[in-house]
Each structure stands twice: as C-alpha cells, then as structure tokens.
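Quick caveat, the model's predicted, so the values are computed rather than measured.
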Amino acid sequence: MKGKINVKKNKIILNHCPNFYKIKNFEYDSGDYVTAKLINIYEDYIFKINEKDNNDLEKIENLDFILGKYVDDYTFRKEIKNGMLNIRVKRGTDIIETIVMSLIKLFENYEEGYTRNIYFARWI
C-alpha cells in the first residue's frame, strides 16, 4: 500500500514540476559543484514536501521555474552562483529550506534588477 501512495505523491509533485527532467538531465562541467549541489537540493526538496499543502506546492513550482531558468540562461546561472556564496544558514534551521528560500529571494532580486535596467543593443 505504501508504494502506491509514493507513486501517487510523485505524480502529483511531477505535475507541478514541468522542468524536472530538464533539470535532472542538465549536463554541467565536472568541477561545477554549485550546480551539482543545487540539482541534488532540488530533487531532495521536491520529494520531501507535503503534496497536500498548497504553500509547499507553490514553493516547488517556484523552485522548478527558477532552476529551469538556471539551466537555460547562462547570465542568470552566473548571478545565482554568485548569490549562493553569500547564503548564511543559522544553526538549528533546516538547511535545505533555507537554501530554497534564498534561491527564491535571489530570483526575485534578479528579476527586479533586470526589469529596472533597460539594455540597448549597440549598432555599429
């Protein structure tokens, strides 16, 4: 019976994470420990949430979108890697939850800064 529950839960979670296979199969450099760790955190986090909690589902949707963008956009990936160096985790807190919330905050800051700056192509 427990196996059926896990399969159902996994299907619900994967329905909320359309970028799962793209993120999971992303080929990164062998020395890119940040990307490797982010992908591991992503997988651990999405399968540990309560699939009946709408707040948790919203978080995994955000995380899936952010890491989907991370995989697709080199500039964004660079910004996230730089931002990850400044994350501080307090003792006694959930490390993965803290990292996920920091990623969401980094994304919000990136989007805010990106939309404020207007980039003009220079024609020669």
Charged N-O contact under 4.0 Å between Asp72 and Lys22:
yes
Side chains of Tyr42 and Cys17: closer than 4.5 Å at any heavy-atom pair?
yes
Spacing of Ile46 atom CD1 and Ile96 atom CD1 [to the nearest 0.5 Å]:
12.0 Å
Any sub-3.5 Å donor-acceptor pair from Asp29's side-chain atoms to Asp32's backbone N or O?
no
Cluster check Tyr21, Ile13: I/L/V/M/F/W/Y, side chain < 4.5 angstrom:
yes
Distance check, rounded to the nearest 0.5 Å: Ile87 atom CD1 versus Met84 atom CE?
4.0 Å
With rounding to the nearest 0.5 Å, note down the distance linking NZ in Lys11 to NE2 in His16.
14.0 Å
For Lys69, is there any backbone N or O sitting under 3.5 Å from a side-chain donor or acceptor partner on Asp73?
no
Derivation and outcome, ring-ring contact (aromatic ring centres under 6.0 Å, His included), residues Phe47 and Phe20:
CA-CA 11 Å; Phe47 289 112; Phe20 176 79; 5.8 Å; yes
Give a yes or no on whether the backbone of Asn19 and the side-chain of Lys24 come within a donor-acceptor separation of less than 3.5 Å.
no
Rounded to the nearest 0.5 Å, how far apart are CG of Asn109 and CD of Glu111?
10.5 Å
Take Thr75 and Tyr110, measure what side-chain contact (heavy atoms from CB on, under 4.5 Å) needs, and give me the verdict at the end.
CA-CA 10 Å; Thr75 306; Tyr110 175 82; 4.1 Å; yes
Return the set of residues passing ring pair (Phe, Tyr, Trp, His ring centres under 6.0 Å) with Tyr28 (not counting sequence neighbours), or none when no residue passes.
none
With side chains defined as the heavy atoms from C-beta onward, is the minimum distance between Ile66 and Ile104 less than 4.5 Å?
yes
Kindly compute the distance separating CD1 (Ile99) from CG (Leu63), expressed to the nearest 0.5 Å.
11.0 Å
Salt bridge (Lys or Arg N to Asp or Glu O under 4.0 Å) for Glu97 and Lys59? Distances and angles first, verdict last.
CA-CA 10 Å; Glu97 179 74 23; Lys59 284 181 192 174; 2.8 Å; yes
Is it the case that atom CD1 in Ile95 sees more than 12 heavy atoms from other parts of the structure closer than 6.0 Å?
no
Shortest non-hydrogen contact between Asn86 and Asn82, atoms and distance
ND2-O, 3.8 Å
Value rounded to 0.5 Å, distance of CG in Leu85 from CD1 in Ile80
11.5 Å
On a heavy-atom basis, which atom in Asp64 and which in Pro18 lie closest, and how many Å separate them?
OD2-CD, 3.1 Å
For Lys105, look at atom NZ and say whether over 12 heavy atoms of other residues, nucleotides or ligands are found less than 6.0 Å away.
no
Minimal non-hydrogen separation, Gly68 against Ile23, with atom names:
N-CD1, 3.7 Å
Beyond-backbone contact of Tyr70 with Leu103, side-chain heavy atoms, under 4.5 angstrom:
no
Mind checking side-chain contact (heavy atoms from CB on, under 4.5 Å) for Asp53 and listing every partner two or more places apart, or none if nothing turns up?
Asn50, Asn55, Asp56
